[in-house]
Amino acid sequence: MFAAASAAILVTMALVLSRALMGPTVFDRILAVNSFGTLSVLLISVYGFLTDRPEFLDIALVYALISFIGVIAVTKFVKFSDQSNVGDS
Amino acid sequence: MEMLYQFLSWMFLGVGSTFIIIGAIGIIRLPDVFCRMHGAGIIDTLGAGLILGGLMIQAGFTLITIKLGFIYIFLLFTSPAATHALAQATMLAGVRPLTNIKNHEKSTSSKT
């Protein structure tokens, strides 16, 4: 059963990645990468059960935290990117 | 009783997998960036909840269940925050949602 869940999560990752590649705006891509992060947390948890090693759950928890911070950082960067003064003398 | 737990765990994992595929189909096929956030929300709440719930039933009453509960609680708190930040950034950038209202302001639509 864990193998079936892992296969479903991998299929979903491929679908979400296609939205990240073809999204017309940058916000589609940020949304797709956020979902990809959540799916990778699920995949790590299911893989930990599949190989009977419960230590993987710690990795999943840490990655959930890191990916949330990353999405917020990228969103902030895109939001304020028109106020940068890189082009000034 | 053991059979019931195993059956319940299989059901949760199966239905959770179905829901994340449905969420991914939503992210691909919905017409607007704001609509696609619904699909992402399905993956974060229902999909993650059912899959982690199925794994919790498999683990029984051990520390593993508490860790899985922590992962799910964290996902419940952070995915609405991230989605709200993204939606606010999208509105501030000038992307307007797809509506049927006539004469609605339609700068940079994000339709595929």
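The chains referred to below are lettered A, B, ... by the order of the sequence lines, with proteins before strands, and numbering in each begins at 1.
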Visitor: Would Phe12(B) end up clustered with Leu4(B) when hydrophobic side chains under 4.5 Å apart are linked, directly or stepwise?
Guide: yes
Visitor: So for Leu39(A), is it side chain, backbone, both, or neither that comes closer than 4.5 Å to the heavy atoms of chain B?
Guide: side chain
Visitor: With a 4.5 angstrom heavy-atom cut-off, which part of Leu42(A) approaches chain B: side chain, backbone, both or neither?
Guide: side chain
Visitor: Nearest 0.5 Å please: distance from the OG1 atom of Thr90(B) over to the CG atom of Asp28(A).
Guide: 8.5 Å
Visitor: Measure distances from Ser18(A) to the heavy atoms of chain B and classify the residue's part below 4.5 Å as side chain, backbone, both or neither.
Guide: side chain
Visitor: Quick check for you: among Val71(A), Val16(A), Asp58(A), Leu31(A), which has the greatest number of heavy-atom pairs under 4.5 Å with chain B?
Guide: Leu31(A)
Visitor: Thr75(A) versus Gln88(B): any side-chain heavy-atom pair under 4.5 Å?
Guide: no
Visitor: Starting at OG of Ser9(B), measure out to CZ of Phe2(A) and round the result to the nearest 0.5 Å.
Guide: 6.0 Å
Visitor: To the nearest 0.5 Å, what is the distance between OG (Ser35(A)) and CZ (Arg36(B))?
Guide: 12.0 Å
Visitor: Just checking Tyr47(A): does its OH atom have more than 12 heavy atoms from other residues, nucleotides or ligands closer to it than 6.0 angstrom?
Guide: no
Visitor: Following the transitive rule for hydrophobic clusters with a side-chain heavy-atom cut-off under 4.5 Å over Ile, Leu, Val, Met, Phe, Trp and Tyr, establish whether Ile20(B) and Trp10(B) coincide in one cluster.
Guide: yes
Visitor: When rounded to the nearest 0.5 angstrom, what is the spacing between OG in Ser45(A) and CD1 in Ile71(B)?
Guide: 4.0 Å
Visitor: Looking at Ile43(B), Leu86(B), Leu52(B), Leu92(B), which makes the most heavy-atom pairs under 4.5 Å with chain A?
Guide: Leu86(B)
Visitor: Are side-chain heavy atoms of Phe49(A) and Ile64(B) found at a separation under 4.5 Å?
Guide: yes
Visitor: Could you tell me if the side chain of Ile27(B) sits less than 4.5 Å from the side chain of Leu15(A), heavy atoms only?
Guide: no
Visitor: For Val46(A), which atoms come within 4.5 Å of any heavy atom of chain B: side chain, backbone, both, or neither?
Guide: both
Visitor: Given a strict heavy-atom distance threshold of 4.5 Å, which part of Phe27(A) is in contact with chain B: side chain, backbone, both, or neither?
Guide: both
Visitor: Any chance you could measure Glu55(A), atom CD, to Lys67(B), atom NZ, to the nearest 0.5 Å?
Guide: 7.5 Å
Visitor: Counting only heavy atoms not in Phe19(B) (residues, nucleotides, ligands), do more than 12 fall under 6.0 Å from its CZ?
Guide: no
Visitor: Check each atom of Ile21(B) against the heavy atoms of chain A and say whether the ones under 4.5 Å are side chain, backbone, both or neither.
Guide: both
Visitor: I need the residue from Ala89(B), Ala59(B), Ser17(B), Gly14(B) with the largest number of non-hydrogen atom pairs under 4.5 Å to chain A.
Guide: Ala89(B)
Visitor: With only heavy atoms counted, which part of Ile72(A) is less than 4.5 Å from chain B, the side chain, the backbone, both or neither?
Guide: side chain
Visitor: When heavy-atom pairs shorter than 4.5 Å are enumerated against chain A, which of Ile25(B), Leu13(B), Leu63(B) gives the highest number?
Guide: Leu13(B)
Visitor: Where does Ile51(B) contact chain A at under 4.5 Å (heavy atoms): side chain, backbone, both or neither?
Guide: side chain
Visitor: Report whether Leu10(A) and Ile42(B) are members of the same hydrophobic cluster (ILVMFWY, side-chain heavy atoms less than 4.5 Å apart, transitive linking).
Guide: no
Visitor: Please flag which part of Leu75(B) lies under 4.5 Å from any non-hydrogen atom of chain A: side chain, backbone, both or neither.
Guide: side chain
Visitor: Hey, quick one: are Ile22(B) and Leu17(A) part of the same hydrophobic cluster, counting side-chain heavy atoms closer than 4.5 Å, chains of contacts allowed?
Guide: no
Visitor: Cluster question for you: counting only ILVMFWY and a side-chain heavy-atom cut-off of under 4.5 Å, with indirect links fine, are Val26(A) and Phe77(A) together?
Guide: yes
Visitor: Would you say CG of Leu76(B) has more than 12 non-hydrogen atoms from neighbouring residues, nucleotides or ligands within 6.0 angstrom?
Guide: yes
Visitor: Please report the interatomic distance CZ(Phe74(B)) to CZ(Phe68(A)), rounded to the nearest 0.5 Å.
Guide: 6.0 Å
